[in-house]
Amino acid sequence: MDAFLVMHRRSYKWFVLFDIINQIINNKKMAKIKNYFLALLLICGASLALYGIVWAAEGTNWDVLNIYSIIDEPSVVYNGFVSMALRSDNYPGVAWMSDFDDSLRFRDCTSGDCATDGGGGISSWNTEITLDDTINLIGEYNAIDYNSDNYAAIIYSGYDTANRTRMAVYVGSGGTGCASGITAWSCFTIDLTDANTEAHTDLSIDGNDRYHGIWNDGYQTLKYGYCDDYASSGCDTAGDYTLYNIFTNKNNQNSRISASSAGLIYTSYDDGSGLYVARCDVATSSCDAAEDWALTTVASGLIYNGDIYVKDADTIGLVFDYSGSLAFAEYVGSGGNCDDSYGGSDAWDCNVFSGTFPFEGEDKWVGATVAYDSSEFPHIIYSDTSTNDAIYYSCDSANCAGTGAGTWTADAVYEGSTGNDFGMMPNIEITSGGDPITTFSSRAIPSYYNVFYGELEQQEEGPTVPEFASYKALILVALAAFGMFIVVMLVYKRNKK
């Protein structure tokens, strides 16, 4: 009986509320209040559209921070390109393209807590910088890395009268060629072509402070740019870089480069029908011709979007799209399965992820990236386009593509919502303490574009709640909700009289 009365009272309260709203809408005497009510709804809607509330939640084990948000009309093609690298002190630097004004942006965190768990968050990040806005489509493709002095360098693409591959290098002072007022960096073109847009740029600075860049020059040529010695040249002018055509007459896509601690450099790329890895030792070769690079076909089939990570000469991992599914390959030297089932090399083991979580399948992921921790275990971040989630994978086996493939575990970094592209173009790095960090972008056409930074927490936290991309939007929505409550109360009191 008591339960029935409670339910009855609750039902009656909802009936009264709906009756009040109905009176607001239909009572002509309430026209003025109705207008206020509608105005508040418009304010709420405007705040959502203009300031970009992100109806999404952090993963339970992650702290995720919005480090860039802009009212924009993101391009389907040119938005979402974000890159990240760690300094030697484990602090991150992030580069991205703003499609809003065709510019290359940079922001870093150099002290305090870069996430949100310890009260640092956005206050720990330095002010965002527009590095280059001198030509069109600046930073459409970009990649960042740090040298031993913790000086950042960024390789990126751009276009004015011709297509260009450019560098932005931190110099401290006296820099030239960047956006107005930027003198702590030097910006310059290292390659120019009148062909299709130069693309798929990547950069790796090895332990000897040699700069290695890779890109597709638009003539179906994979190009390698090399600065031999930062200590003597600074690697801060175009003349410090020597360019080589590695492979020609190939549809080189998604080129990546990674340097090992032993001085070997590895590049990976695909052509839509195969995934390839090429290796060169800069200590013994000029790496200026195809014959200097040992080329291996890792796998064959419908392959796109490969990413390579090299920890040392024997610890190499690849993550890629294999016929619409997320796949991982790991170098084993010999006896691998990539030649048996994937049309590749037995020097590699291949594993295609399958299952119901986190929803692998055709066209269900984009832009995966991989990194290894100090125990030589791989970690992966990718975007699940079926749920608009950023997903994290980790493995704790000596061979995570072969005998240990079953030890992978999945976790949601950020849970998106329909119509919002979360986890786009993600990056992952592992701190010296073994903690994964990530950056990725999101967009909702036509309202906003965001860049996120996230850190994996080492202890379980309580349930998370939706996080708002803008405190301004949160304030406006709170005010709108409070205003609607006041209107309802005023009408209720008037009716009682």
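All figures in this text were calculated on a predicted structure; none of them were measured in a lab. The basis for the numbers below is simple: all heavy atoms, side chains too, and nothing from hydrogens, waters or symmetry mates.
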Gap between atom [atom2] of [Y] and atom [atom1] of [X] - 0.5 Å precision:
X    : Y    : atom1 : atom2 : value
M97  : L104 : CE    : CG    : 9.5 Å
L192 : T165 : CG    : OG1   : 9.0 Å
F247 : N216 : CZ    : CG    : 13.0 Å
I138 : T130 : CD1   : OG1   : 11.5 Å
T407 : D396 : OG1   : CG    : 4.5 Å
D307 : D321 : CG    : CG    : 13.0 Å

Under 6.0 Å between ring centres, would you say that holds for [X] and [Y]?
X    : Y    : value
F353 : Y393 : yes
Y342 : W348 : no
F452 : Y414 : yes
F328 : W408 : yes
W215 : Y224 : no

Q | Residues that Y211 engages under ring pair (Phe, Tyr, Trp, His ring centres under 6.0 Å), provided they are two or more places apart | A |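 None.
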
Q | Steps toward side-chain hydrogen bond (donor to acceptor under 3.5 Å, both in side chains) verdict (D411, W62) | A | CA-CA 9 Å; D411 187 21; W62 289 79; 3.2 Å; yes

Flag side-chain contact, heavy atom, 4.5 Å: [X] against [Y]:
X    : Y    : result
L275 : Y322 : no
L318 : S268 : yes
L456 : Y392 : yes
V451 : N66  : no
I380 : I428 : no

Q: Indicate the ring-plane relationship of W96 and Y68, choosing parallel, tilted or perpendicular according to the 30° and 60° boundaries.
A: tilted

Q | Heavy-atom pair of closest approach, residues A401 and N337 | A |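 Nearest heavy atoms, A401 then N337: O-ND2, 4.3 Å.
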
Q) Closest approach of N142 and G139, non-hydrogen atoms and distance? A)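 In terms of heavy atoms, the two residues are closest at ND2-O, 3.0 Å.
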
Q: Mind running side chain to side chain contact (heavy atoms under 4.5 Å, CB included) on S394 and F377 for me, showing each step along the way?
A: CA-CA 8 Å; S394 61; F377 296 153; over 6 Å; no

Q) Side chains of N245 and T221: is there a donor and an acceptor less than 3.5 Å apart? A)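 Judged by distance alone, the side chains do not pair up.
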
**Q.** Qualifying residues under side-chain contact (heavy atoms from CB on, under 4.5 Å), relative to R210, sequence neighbours excluded
**A.** D206, N208, H212, Y226, D228, V282

Counting N and O atoms only, with roles assigned by atom type, does the side chain of [X] sit under 3.5 Å from a partner on the main chain of [Y], one being a donor and the other an acceptor?
X    : Y    : value
D389 : I391 : no
N147 : A152 : no
S103 : R105 : no
D240 : D236 : yes

Q | Where at least one partner belongs to residues 367-402, residue pairs that pass disulfide (SG to SG under 2.5 Å), sequence neighbours excluded | A |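 Found C395-C400.
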
Q. Are R166 and D132 close enough for a salt bridge, meaning some N to O gap below 4.0 Å?
A. yes

